[in-house]
Structures are given as structure tokens and as C-alpha cells.
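Everything below concerns the one structure shown next.
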Amino acid sequence: MKNKSEIMEIIQQLDHHIADDFEAQDLDFKQWNFSAVEENVNKMIKYAVCMANGGGGSVVFGVADKMQGIDNVLIGIPFDVDIEELQKRIFENTDPHITPSFDEIFYKDHSIRLLVMNVLPETPPYTTTNGTATIRQGKECLPYMETKRII
């Protein structure tokens, strides 16, 4: 898992690199879809499970990972996205429950907000409440196992 200052150092290098160059077992960058809030929440749930099963890590939301040039890369996320609501939704949609911590990073005189989701390493397996499990391997979230939730 990367701390806030490590992530800020990486972001400063995005004028000459793409974010994908820095993705690793414990770090991923994701662009925010401004027209599909629910898609973003589902992505966070998926990555919380993936990172928990893969030894923990950080996912930075609001960064275009295939672009170069800091002005092109820092897309940001809306300022009205509520961190407590995200934590609640992730908690409710993971089994066993995961409660990630979040850090905010601001750029350009606070006009761009990035959100860093930090997931502690947990004892797998973790799944979404619909039974889907992935695990972080290198730069990817790969299928961990298929489980069915028994009610």
C-alpha cells in the first residue's frame, strides 16, 4: 500500500510517464466516469475485494492511466462524492465486510480532487456479496475463485 506522499510523488512524474508505468501489486489508477456514478461505486467494490485478496493496496480514482502529461492525466472526481457513503456501500457489498480508508489529494488550487482508496491486506477469500472474487496479481485483478453465497 502506498501512502499519500508516495502517490503524490508518482503523480508529479506523470508529465513524462503514464500512470500505468507505476501500477504494481499494491497500486492501481482508475479514471472516474462522470456520467455513471453507480459504475464507479461498483468498480470500488470490485477493487476493494481484489486488493484485500492480493495483499492490500491503494487505488487512485480520478487519474487517466493511459495518458501522459499531468494536465491530461488528472481528471479528478466530483467534489460531492461522499467518502462515508462509499465506505458504507463497500462494507455492505463485500463478504466478509471490507472498510477501506480514503485519502483526498487536491491539485490546481483545489480545483481537482483525487480519491485514494486504501485496502489493508486481509486473509482471503473476500468476495462481493454476489459471490465474485478477484485477486491482485501484478497489475491485474484476476479471478480468484467462484463461490456461491448460501442463504
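Sequential numbering from 1 along the given sequence is applied to the chain's residues.
- Rounding to the nearest 0.5 Å places NZ of K88 at 12.5 Å from NE2 of H97.
- A 4.5 Å side-chain heavy-atom check between M44 and L115 finds at least one atom pair inside the cut-off.
- Taking every heavy atom of both residues into account, P125 and P96 meet most closely at O-CD, 3.7 Å.
- Between I18 and L14, the shortest heavy-atom contact is C-CD2, 3.8 Å.
- Between D71 and K108, the closest heavy-atom pair is OD1-NZ, 2.7 Å.
- Note that CD1 of I112 and OH of Y107 are 10.0 Å apart. Values are rounded to the nearest 0.5 Å.
- From F34, atom CZ reaches atom CG of N40 across 8.5 Å, with rounding to the nearest 0.5 Å.
- The backbone N or O of K2 lies less than 3.5 Å from a partner atom in the side chain of S58, making a donor-acceptor pair.
- In this pair, F106 and F79 present their aromatic rings parallel. The plane angle is below 30°, not in the 30 to 60° band.
- Neither F91 nor I45 shares a network with the other; the hydrophobic side chains, linked directly or stepwise wherever heavy atoms of I, L, V, M, F, W or Y lie under 4.5 Å apart, form separate groups for each.
- A salt bridge between R136 and D28 is present, with a side-chain N of the basic residue lying under 4.0 Å from a carboxylate O of the acidic one.
- The hydrophobic clustering, which links ILVMFWY residues whose side-chain heavy atoms are closer than 4.5 Å, places I75 and I105 apart.
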Requested in this report: Given side-chain contact (heavy atoms from CB on, under 4.5 Å), test Q31 with F61 step by step and report yes or no.
Outcome: CA-CA 6 Å; Q31 188 164 331; F61 291 90; over 6 Å; no

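- Rounded to the nearest 0.5 angstrom, Q25 CD and Q137 CD are separated by 7.5 Å.
- If you chain together hydrophobic residues whose side chains sit under 4.5 Å apart, M8 and F102 never meet in one group.
- Under a 3.5 Å cut-off, the side chain of R113 and the backbone N or O of P78 do form a donor-acceptor pair.
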**Report entry** Derivation and outcome, side-chain contact (heavy atoms from CB on, under 4.5 Å), residues F22 and F29
**Finding:** CA-CA 9 Å; F22 299 99; F29 293 92; 4.2 Å; yes

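- No side-chain heavy atom of V63 sits under 4.5 Å from any side-chain heavy atom of K30.
- Proximity of I10 to L27: side-chain heavy atoms (C-beta onward) are separated by under 4.5 Å at one or more points.
- In this structure the side chain of T128 never reaches within 4.5 angstrom of the side chain of T94, judged on heavy atoms.
- With N53 contributing its side chain and Y126 its backbone, the two residues share a donor-acceptor pair below 3.5 Å.
- Contact between V81 and W32 at its shortest, heavy atoms only, is CG2-CZ2, 3.7 Å.
- Looking at Q87 and I83, their side chains come closer than 4.5 Å, going by heavy atoms from C-beta outward.
- Between A64 and A19 the shortest heavy-atom distance is O-CB, 4.2 Å.
- The NZ atom of K4 sits 10.5 Å away from atom CG of L114, with the distance rounded to the nearest 0.5 Å.
- There is no path of hydrophobic side-chain contacts, each under 4.5 Å, that joins I98 to I135.
- When atom types are taken as modelled, the side chain of E6 and the backbone of N3 share a donor-acceptor pair closer than 3.5 angstrom.
- The closest side-chain heavy-atom distance from L86 to M117 is not below 4.5 Å.
- In this structure the side chain of Q68 never reaches within 4.5 angstrom of the side chain of H17, judged on heavy atoms.
- With hydrogens and angles disregarded, no donor-acceptor distance shorter than 3.5 Å links the side chain of K46 to the backbone of T132.
- Minimum heavy-atom separation, I90 to A48: CG2-CB, 3.8 Å.
- More than 12 heavy-atom neighbours from other residues, nucleotides or ligands sit within 6.0 angstrom of NZ on K139.
- Side-chain atoms of Y47 and V119, non-hydrogen and from C-beta on, never get closer than 4.5 Å to each other.
- A chain of hydrophobic side-chain contacts below 4.5 Å, direct or via other Ile, Leu, Val, Met, Phe, Trp or Tyr residues, connects I70 to M67.
- Side-chain contact annotation: S35 with N33, donor-acceptor N/O pair under 3.5 Å present.
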